[in-house]
Amino acid sequence: MSDPTEDQLAALGTAFETFARRYKLADALRSERPLAELDKAVLLYVAEHAGCGPTDVARFLAVPTTTLSSATDRLVKRGFLKRERIEADRRAVALTLSESGAIYAQAQVEAYRQMHMLMLSRLSPDERDQFIAMITKIVYNDS
């Protein structure tokens, strides 16, 4: 396999920058102040794994626990996240979403879904399958 050309690298960079800008613009159109990317990732993880511990989230997102602690502090202050002590081990903490956190997470999931729909709708069914296969190969290639 040959290395990508400079033109290919530039074209990919431009496409990714435009893609990221569109995601950020979609987030900016929301009525409330947008969350930092890490905070969104924490919120979405907890939405899928209610009652998880901070260490679980930090491990999944591959961030230091101190970084995760700062993110959870911000989310608690905004009223999106709740920390609850586990009765069996009073030192342990379970993370859950508040009602407003669940609403925000659902809105975020829907915004992503709409962006994905827009992106894939521009491709033929075969191109969609190819695109998804290529992105999956890039993201999950552990070699």
Non-hydrogen atoms of [X] and [Y] that approach each other most closely:
X      : Y      : answer
Ala47  : Ala105 : CB-CB, 4.1 Å
Phe131 : Leu123 : CB-CD1, 4.0 Å
Thr96  : Gly51  : CG2-N, 3.8 Å

For this session: Evaluate whether atom CD of Glu6 has more than 12 neighbouring non-hydrogen atoms of other residues, nucleotides or ligands under 6.0 angstrom away.
Result: no
Could you give the distance from [atom1] ([X]) to [atom2] ([Y]), rounded to the nearest 0.5 Å?
X      : Y      : atom1 : atom2 : value
Leu68  : Thr55  : CG    : OG1   : 8.0 Å
Met134 : Gln130 : CE    : CD    : 6.0 Å
Ile132 : His116 : CD1   : NE2   : 10.0 Å
Arg74  : Phe80  : CZ    : CZ    : 13.0 Å
Leu95  : His49  : CG    : NE2   : 12.5 Å
Arg59  : Cys52  : CZ    : SG    : 11.0 Å

For this session: Report yes or no: do Phe16 and Leu118 belong to one cluster of Ile/Leu/Val/Met/Phe/Trp/Tyr joined by side chain heavy-atom distances under 4.5 Å?
Result: no
Exercise. Would Leu120 end up clustered with Val139 when hydrophobic side chains under 4.5 Å apart are linked, directly or stepwise?
Worked result: yes
For this session: Assess whether side-chain contact (heavy atoms from CB on, under 4.5 Å) is satisfied between Leu75 and Leu35, documenting all intermediate values.
Result: CA-CA 9 Å; Leu75 290 166; Leu35 293 177; 3.9 Å; yes
Exercise. Can you list the steps and then say if Glu48 with Phe60 is a side-chain contact (heavy atoms from CB on, under 4.5 Å)?
Worked result: CA-CA 12 Å; Glu48 291 291 319; Phe60 178 78; over 6 Å; no
For this session: Report yes or no: does Asp129 contribute a side-chain atom to a donor-acceptor pair with the main-chain N or O of Asp126 at less than 3.5 Å?
Result: no
Exercise. Is the side chain of Thr14 donor-acceptor paired with the backbone N or O of Ala10 at a distance under 3.5 Å, no angle test?
Worked result: yes
Between [X] and [Y], is any pair of side-chain heavy atoms under 4.5 Å apart?
X     : Y      : answer
Leu81 : Val46  : yes
Leu44 : Gln108 : yes
Val42 : Asp39  : no
Val93 : Arg85  : yes
Lys40 : Tyr112 : yes

Exercise. Going through the distances and angles, do Tyr104 and Leu43 end up as a side-chain contact (heavy atoms from CB on, under 4.5 Å)?
Worked result: CA-CA 9 Å; Tyr104 191 103; Leu43 198 69; 3.5 Å; yes
Problem set entry | Pairing of Arg78 and Asp73 as salt bridge, 4.0 angstrom limit | no
Exercise. Are side-chain N/O atoms of Gln106 and Glu110 paired as donor and acceptor at under 3.5 Å?
Worked result: no
Problem set entry | Test side-chain contact (heavy atoms from CB on, under 4.5 Å) applied to Lys82 and Leu97, step by step | CA-CA 6 Å; Lys82 295 187 287 186; Leu97 299 183; over 6 Å; no
